[in-house]
Amino acid sequence: MSPAPAPLVDVIIPVHTTARPVDRAVGSVVAGGLPVDDHGGVHITVVCHNVGAALIRDRLAAEHRPLVELVECSDGTGNPAGPRNLALERSRARYVSFVDSDDTLAPGALAAWTATAERHGSAAVLPRLVKDSGRPVRTPVPRPFRRADLDPVKDRLAYRTHVFGLLRRELLVERGVRFNGRYATGEDQELVARAWFGEGRIDLAPRGARYLLRAGAADRISAEPRPLTEDLAAATELLAGPWYAGLAPEQRTAIAAKILRVQVFGAVRRRTAAGRWSPEDAHRVRSLLELVDSRAPQALTVLSRADGEVLDLAVRPGATAGAILRVDNARRRFGRPTTLLTRDLRRVLHREAPLRFMAASLLV
């Protein structure tokens, strides 16, 4: 007897509380433009993370309950790595798509993503991420008018830090990559880096096939205040690891520049805005900068002068949270010469330097 046909797409929705509007997420998948069945269509896996499946089932509309497989994952943590990995290991589909339980897909999005992937043999299809306000998240930052067969360096794929979209499951399995549950945040950093910078074609989804980031998830684990060491743990281990060391220099530069702009500046601002900065924090930032300097030194040269001023002050003995925050506020007033020019003027037109990066971002 031949095995039953596998679904085309497995949509994985982790949920850890009955307060989440999981039925809204499921409804958007049902409206995704593909049949919901296990015979070449869409399989919907809702992973009940440390919450009973019966409780989540009660949150689903009657018409949605027969369409959903409820899987329990009890690991006693709040980390989303566990439920995502469990569903990924169970999946038989050609593609997987991760949807947070408070988010939704635009009508017809799944059909558009899979049509793109099937047409081009894509390893991943990346949709536009749009917030409730209608404001797009401007990542990745590709070359102007480039939408197909993206290059991880030239099209700045490192800045797409979310796993949302469509991923070819066999490539994740072959590379042995999983979400890392050791980190309080950033469990997907290495997975997405290895997905974007590995072998395989990356395409952008059609413009209307959006992923909608919904507001109101006040208990997102990534929003919880943490020690700086925990905030930077995933980035530090990625930079120090053997996979990163094996990349080409321009690839290491691209990833390190993203880590500095997203993880480091974000963590520094969260702590200083809360009025906290300690000698231990300064030591942690100094250690990470030394690691970048040893693995991808050019990443430090493509930052703006204003960026450099923040980092200089953050590692200076005795610097206060208020002083660092004032300099960081100035760094965020884009358009001034110090935010556009690099300290080394030979890098001012580098792909990762502010002038080209901001210009490309405006065209996203």
Side-chain angles (χ1 to χ4, degrees), residues 7-38 41-73 78-88 90-91 93 95-114 125-137 161-167 169 179 187-188 205 208-223:
L8 180 63
V9 184
D10 198 348
V11 177
I12 298 166
I13 307 175
V15 58
H16 68 273
T17 171
T18 57
R20 289 289 181 90
V22 62
D23 188 63
R24 182 180 67 180
V26 169
S28 74
V29 175
V30 173
L34 293 175
V36 180
D37 59 50
D38 287 347
V42 176
H43 180 86
I44 305 175
T45 303
V46 172
V47 188
C48 307
H49 189 201
N50 300 319
V51 62
L55 295 175
I56 298 302
R57 184 179 184 277
D58 288 344
R59 299 291 296 168
L60 299 176
E63 64 269 24
H64 291 159
R65 291 173 186 171
L67 305 177
V68 172
E69 180 183 14
L70 295 170
V71 177
E72 290 191 350
C73 174
N79 195 302
R84 285 176 169 179
N85 284 335
L86 176 62
L88 182 59
R90 290 168 50 92
S91 179
Y95 305 102
V96 292
S97 181
F98 297 94
V99 177
D100 278 359
S101 57
D102 46 304
D103 296 338
T104 60
L105 310 181
L110 270 179
W113 300 351
T114 53
V125 176
L126 308 182
R128 176 176 293 192
L129 307 180
V130 180
K131 297 182 178 180
D132 267 348
S133 63
R135 179 183 176 185
V137 178
T161 57
H162 298 285
V163 74
F164 306 132
L166 197 71
L167 300 172
R169 185 184 59 85
F179 298 93
E187 73 284 343
D188 54 356
R210 300 166 295 174
Y211 183 103
L212 306 174
L213 298 161
R214 299 292 191 174
D219 59 343
R220 282 187 192 265
I221 188 169
S222 58

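It should be emphasised that the depicted structure is a prediction, and the values quoted were computed from it without experimental measurement.
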Peer 1: Would you mind reporting whether V11 and H43 have side-chain heavy atoms less than 4.5 Å apart?
Peer 2: no
Peer 1: Going by heavy atoms in the side chains, are H49 and P80 under 4.5 Å from each other?
Peer 2: no
Peer 1: May I ask you to establish whether R169 and Y95 are in a cation-pi arrangement, using a distance under 6.0 Å from NZ or CZ to the six-membered ring centre and at most 45° from the ring axis?
Peer 2: no
Peer 1: Please evaluate residues L8 and V42 with respect to the criterion side-chain contact (heavy atoms from CB on, under 4.5 Å), reporting the C-alpha separation (whole Å), side-chain torsions for both, the decisive distance (0.1 Å), and the verdict.
Peer 2: CA-CA 6 Å; L8 180 63; V42 176; over 6 Å; no
Peer 1: Determine, for D23 against R59, whether the closest basic-nitrogen to carboxylate-oxygen distance falls under 4.0 angstrom.
Peer 2: no
Peer 1: Could you give me the CA-CA distance, side-chain angles and deciding distance for F98 and Y211, then say whether ring-ring contact (aromatic ring centres under 6.0 Å, His included) is met?
Peer 2: CA-CA 11 Å; F98 297 94; Y211 183 103; over 10 Å; no
Peer 1: Should K131 and D103 count as an ion pair when the cut-off is N to O under 4.0 Å?
Peer 2: no
Peer 1: Of all the heavy-atom pairs spanning S28 and T104, show the shortest one and how long it is.
Peer 2: OG-CA, 3.6 Å
Peer 1: Checking V26 against L67 for the side-chain contact (heavy atoms from CB on, under 4.5 Å) test, could you report, in this order, the C-alpha distance in whole Å, the side-chain angles of both residues, the deciding distance, and whether it holds?
Peer 2: CA-CA 9 Å; V26 169; L67 305 177; 5.8 Å; no
Peer 1: When you compare the side chains of T45 and R90, does any donor N or O come within less than 3.5 Å of an acceptor on the partner?
Peer 2: no
Peer 1: Ignoring hydrogens, what is the shortest heavy-atom contact between P83 and C73? Give both atom names and the distance.
Peer 2: N-SG, 3.8 Å
Peer 1: Looking only at non-hydrogen atoms, find the nearest pair between L60 and R65 and report the distance.
Peer 2: O-NE, 3.0 Å
Peer 1: Taking the side chain as every heavy atom from C-beta outward, state whether V68 and V36 have any atom pair closer than 4.5 Å.
Peer 2: no
Peer 1: Taking the side chain as everything from C-beta on, heavy atoms only, tell me whether V22 gets closer than 4.5 Å to V46.
Peer 2: yes
Peer 1: Taking all atoms of both residues into account, what is the closest heavy-atom pair of G165 and S97, and its distance?
Peer 2: O-OG, 2.7 Å
Peer 1: Which atom pair, heavy atoms only, marks the closest approach of A53 to L70?
Peer 2: O-CD1, 3.6 Å
Peer 1: Any heavy-atom pair between the side chains of L105 and V99 that's under 4.5 Å?
Peer 2: yes
Peer 1: So F164 and L126, side-chain contact (heavy atoms from CB on, under 4.5 Å) or not? Walk me through it.
Peer 2: CA-CA 7 Å; F164 306 132; L126 308 182; over 6 Å; no
